[in-house]
Amino acid sequence: MGMTEEHTGGTAERLRRDKERKVAALREQGVNPYPYGYARDATTADCREQAAAWIDGGKTVALAGRLMSQRVMGKTSFGHLQDHRGRLQLFLRHDELGAESYQRFVKLVEPGDHLGARGRLFVTRTGELSLRVESWTLLAKALLPLPEKFHGLQDPELRARQRYLDLAVNEDVRDLFERRSRILRFIRGFFDARGFLEVETPVLQALYGGATARPFRTRLNALDLDLYLRIAEELHLKRLIVGGLERVYEIGKIFRNEGMDRAHNPEFTMLETYVAYWDYHDMAAFVEELLAGLVAELTGSARLPYGDTHLDFAPPWPRIDYFAALTEAAGRDLRGEDEDALRALAAERGIAVDPAWQRGRLLDAFCAKLVEPGLVQPCFLVDHPQAISPLAKEHRSKPGQVERFEVFAAGFELGNAFSELNDPVEQRRRFEQQMGLRAKGDDEAQVLDEDFLRALEVGMPPTAGLGVGIDRLVMLLTGTAHIRDVLLFPMMRPEA
RNA sequence: GCGCCACUAGCUCAACUGGUAGAGCAUCUGACUCUUAAUCAGACGGUUUGGGGUUCGAGUCCCCGGUGGCGUACCA
C-alpha cells in the first residue's frame, strides 16, 4: 500500500481530521474551543472611524470576529478579522504575545475560526490600519474550511444552499441583505409615520382567496381539517377595515403553488395595505410617494440606475389606460372581439393560452405579452377589465372596467391596487362569476367566501387597497436579476 | 412543464480528435519579526454526480437517474 493510516480518505475528511486534532490539542492545553462569550468593546468599523483618536490616545480595544486569512512569517503573523461591519488586520508578534500564545495562534488557529483580540491600533509600514494584538482568545473552532480565498464561493447552487458560507465570504451578499432590511425599515417607518396599524392575519386558512393562484394544502390534525396556506392577505385585511381599523398594513409571507424561475419563489413576501375613505387615485399618489422615497433612501435621488440608463421615480408617473395600451400594442381594439377571435389572434401572435380561460384572462394574456414588457419607466396601468378583477369596484365612468392600477417599472409588475368593491350584493355576484369559471376548469379562479361577504354586509367604508411584492421591489431597487439572490434561503430541491 | 447546457480534489479551474487524471488556493512538515492572493522547499489529497452500455482502452462516446444553470410557458 505505502499509505499510512493518517493519509487515508479524501481531502475533505483529512481537513476535518486536522481540525478535530487541533480541537483536541486545545483542550489538552486547557483551552475551551467553544467558550461562552467575549467582552467586545468595538467593531472594526468603530476602529476605522476613530482610528486617528484611538491611535493617538493609545486606546486598547477588544474586537471579535471570524479570522478570514492568516499569514505566518516566522515570529510575526498577520491575519484579517471580519465582523459584521467589516474587516481589520491583526498583527501578532512572538515577543509581544509570548511563546505559548503565539504558537497556539500559529499551530491551532486557522481561517474560519472565531477569535476575540485585544490590543492597540497602529498603521503598518504599508499603510494598513491594524490591531497590534496583546492578547487573543479562541471563541469558536471551525471544523470545515472556508472556500478558496481568492475566487471564493461562486457556484450559485452552493451559495444558495449554504447561505451561511456565502454570507461569511461574500461581502456583496451581506450588503444586499442589509439593503433589503433598510428597504423594509423604510416602508414600516413610512406607514407608521402616517398613522397605519401593522397587523398580522392568518397564514393557515380554511378558504384561500384574494388572488388568482393555486394554493398549498396542509392539514390541521387537532380539528381534523384540511387547510390552505394563504395566497394573499386581502380578504382578512378588508375585514379589519370593516372593523373600523381604517389604516392597516401587513408585511408577510404568501405561498403560491406555481412555477419557479428567476422572478418566482413558492413563498414570497407581500406588503398589503388598506385605507378607509381613499379611492385608487389617493392610493396611486401614496405609491408614488412611497417608491420615490425608497429610491431616495437608497440612491439619494429620484433616479435609480437601471442597465445603461436609469428609472426616474419623481412623481407624477404616467397613467396608461389598460384598453388604450392594449389597442395600441395589438394594432386594433380588442374590446369587441369574442373569445374565438381572441384565441385565433393569440395563436397568430404565438401567445400561449389555457383552454379553460374565458375572455378576461385571454385579454390579460395579451396585455402581459404585448404591453407589460414595454413599461420600463415607472407608470400605472389603469382601469382593468372587470372580468379579471373580482374584488375591485366598477369604474365610475368606464363600463366593463374597474378602478384598478398596476404599478410597473423595468417591465416588472411591482404593485396592484384598486378602489375596493364594498357592495356586498355585487361582490357575491362576482364570486359566483368566479365559481362559474372554476366549474369550467379554471382552477385559479377565486373561491366564494361567505364570511367575507358577511363582513361586507356589516358595512365596509369606501376603501383603497394595495399589494406590493417585496422581493421584486428589492430586486428592482438593488439591481438583482434573480429572486434567489434577494432571499436568504430560497426554495431548493433537497440535497440528494 | 418543455428545450438546451453543465457537474473533475474542501474551493476555483485544466486535461487535443477516446490512450497512465493535473494546477493554484486550503491542509500537513520545514524556513522566515511589517505581510496582505505573503514568499520559498517538500508532502498528502480523486469510485472524474450515480447506474448501465460501446470499446483492447471512457473524464471524453451512447442510454437512464440525480442536482444545478440558462431559455421558454403561467403566476407576484
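Proteins come first, then strands; the chains are lettered A, B, ... in the order of their sequence lines, and each starts at number 1.
Salt bridge annotation for A:E20-A:K22: absent, with no cationic side-chain nitrogen under 4.0 angstrom from a carboxylate oxygen. Between A:E444 and A:R438 no salt bridge is recorded (no basic side-chain N to carboxylate O distance below 4.0 Å). Note on A:D443 versus A:R214: salt bridge recorded, some NZ/NE/NH1/NH2 to OD/OE distance being below 4.0 Å. A salt bridge is defined here as a Lys NZ or Arg NE, NH1 or NH2 lying under 4.0 Å from an Asp or Glu carboxylate O, and A:K393 with A:E420 fails to meet this definition. Between A:D340 and A:R343 there is no salt bridge, since no side-chain nitrogen of the basic residue lies less than 4.0 Å from a carboxylate oxygen of the acidic one. Ion pairing between a basic and an acidic side chain is recognised when a charged N comes within 4.0 Å of a carboxylate O; A:E267 and A:R256 show no such pairing.
Comparing B:U8 with B:G1, their C1' atoms are spaced 31 Å from each other, to the whole Å. B:C25 and B:C64 are spaced 42 Å apart, taking the P atom of each and rounding to whole Å. With C1' as the reference atom, B:G68 and B:U29 are 39 Å apart, rounded to whole Å. Using atom P as the reference point in both B:G59 and B:G50, the two lie 11 Å apart (nearest Å). Taking atom C1' in both B:G57 and B:U17, one finds a spacing of 16 Å when rounded to whole Å. Using P as the reference atom, B:A9 and B:G22 are 14 Å apart when rounded to the nearest Å. Only the P atoms considered, B:U47 is 33 Å distant from B:A37, to the nearest whole Å. Comparing B:C7 with B:U60, their P atoms are spaced 11 Å from each other, to the whole Å.
In this structure, A:E13 atom CD and B:C11 atom P are separated by 14 Å, rounded to whole Å. For A:L158 and B:G69, the CG to P distance is 11 Å, given to the nearest whole Å. Rounded to a whole Å, the CZ atom of A:R71 is 16 Å from the P atom of B:C40. Rounded to whole Å, atom P of B:A43 lies 18 Å from atom CG of A:D18. The separation between A:E128 atom CD and B:C34 atom P is 15 Å, rounded to whole Å. The separation between A:R493 atom CZ and B:U67 atom P is 5 Å, rounded to whole Å. What separates CG of A:D155 from C1' of B:U49 is a distance of 13 Å, to the nearest Å. The nearest whole Å value for the distance from the CD atom in A:Q103 to the P atom in B:U33 is 12 Å.
Relative to the side chain of A:T76, the nucleotides B:G10, B:C70, B:U33 differ in distance, and B:U33 lies closest. Looking at the side chain of A:K22, the nearest of the listed nucleotides B:A9, B:U35, B:U27 is B:U27. Distance from the side chain of A:M73 is smallest to B:U35 among B:U35, B:U12, B:A37. Of the candidate nucleotides B:C74, B:U27, B:U35, B:C74 has the atom nearest to the side chain of A:R361. Of the listed nucleotides (B:U27, B:C13, B:C34), B:C34 has the atom at the smallest distance from the side chain of A:F78. Of the candidate nucleotides B:C34, B:U35, B:U12, B:C34 has the atom lying nearest to any side-chain atom of A:F91. Comparing B:C34, B:U12, B:U72 by their nearest atom to the side chain of A:R132 picks out B:C34. Each of B:U67, B:U33, B:C11 was ranked by its minimum atom distance to the side chain of A:R161; first place goes to B:U67. Among the nucleotides B:C28, B:A26, B:U29, the one closest to any side-chain atom of A:K107 is B:U29. The A:T124 side chain lies nearest to B:U35 when the options are B:G45, B:C11, B:U35.
No contact: A:G469 has no heavy atom under 4.0 Å from any strand. A:G152 comes within 4.0 angstrom of sugar-phosphate atoms only, judged by non-hydrogen atoms across all strands, and of no base. Heavy atoms of A:V72 sit under 4.0 angstrom from at least one base atom. Among the protein residues, A:N257 comes within range of no part of the nucleic acid, since none of its heavy atoms lies under 4.0 Å from any strand. Among the atoms of the strands shown, only primed sugar atoms or phosphate atoms (P, OP1, OP2) are found under 4.0 Å from some heavy atom of A:R262. Within 4.0 Å of A:D471, counting heavy atoms only, lies no atom of the nucleic acid at all. Among the heavy atoms of the strands, none lies under 4.0 Å from A:F255.
The base-pairing partner of B:U27, taking Watson-Crick or G-U wobble contacts with both distances under 3.5 Å, is B:A43. A 3.5 Å limit on both hydrogen-bonding distances identifies B:C70 as the Watson-Crick or G-U partner of B:G3. With a 3.5 Å ceiling on both atom-pair distances, B:A15 lacks any Watson-Crick or G-U wobble partner. Across all strands shown, the partner of B:G65 is B:U49, judged by Watson-Crick or G-U wobble contacts whose two distances both fall under 3.5 Å.
No side-chain donor-acceptor contact under 3.5 Å links A:N265 and A:R484.
In this structure a side-chain-to-backbone donor-acceptor pair under 3.5 Å is missing from A:R85 to A:A45.
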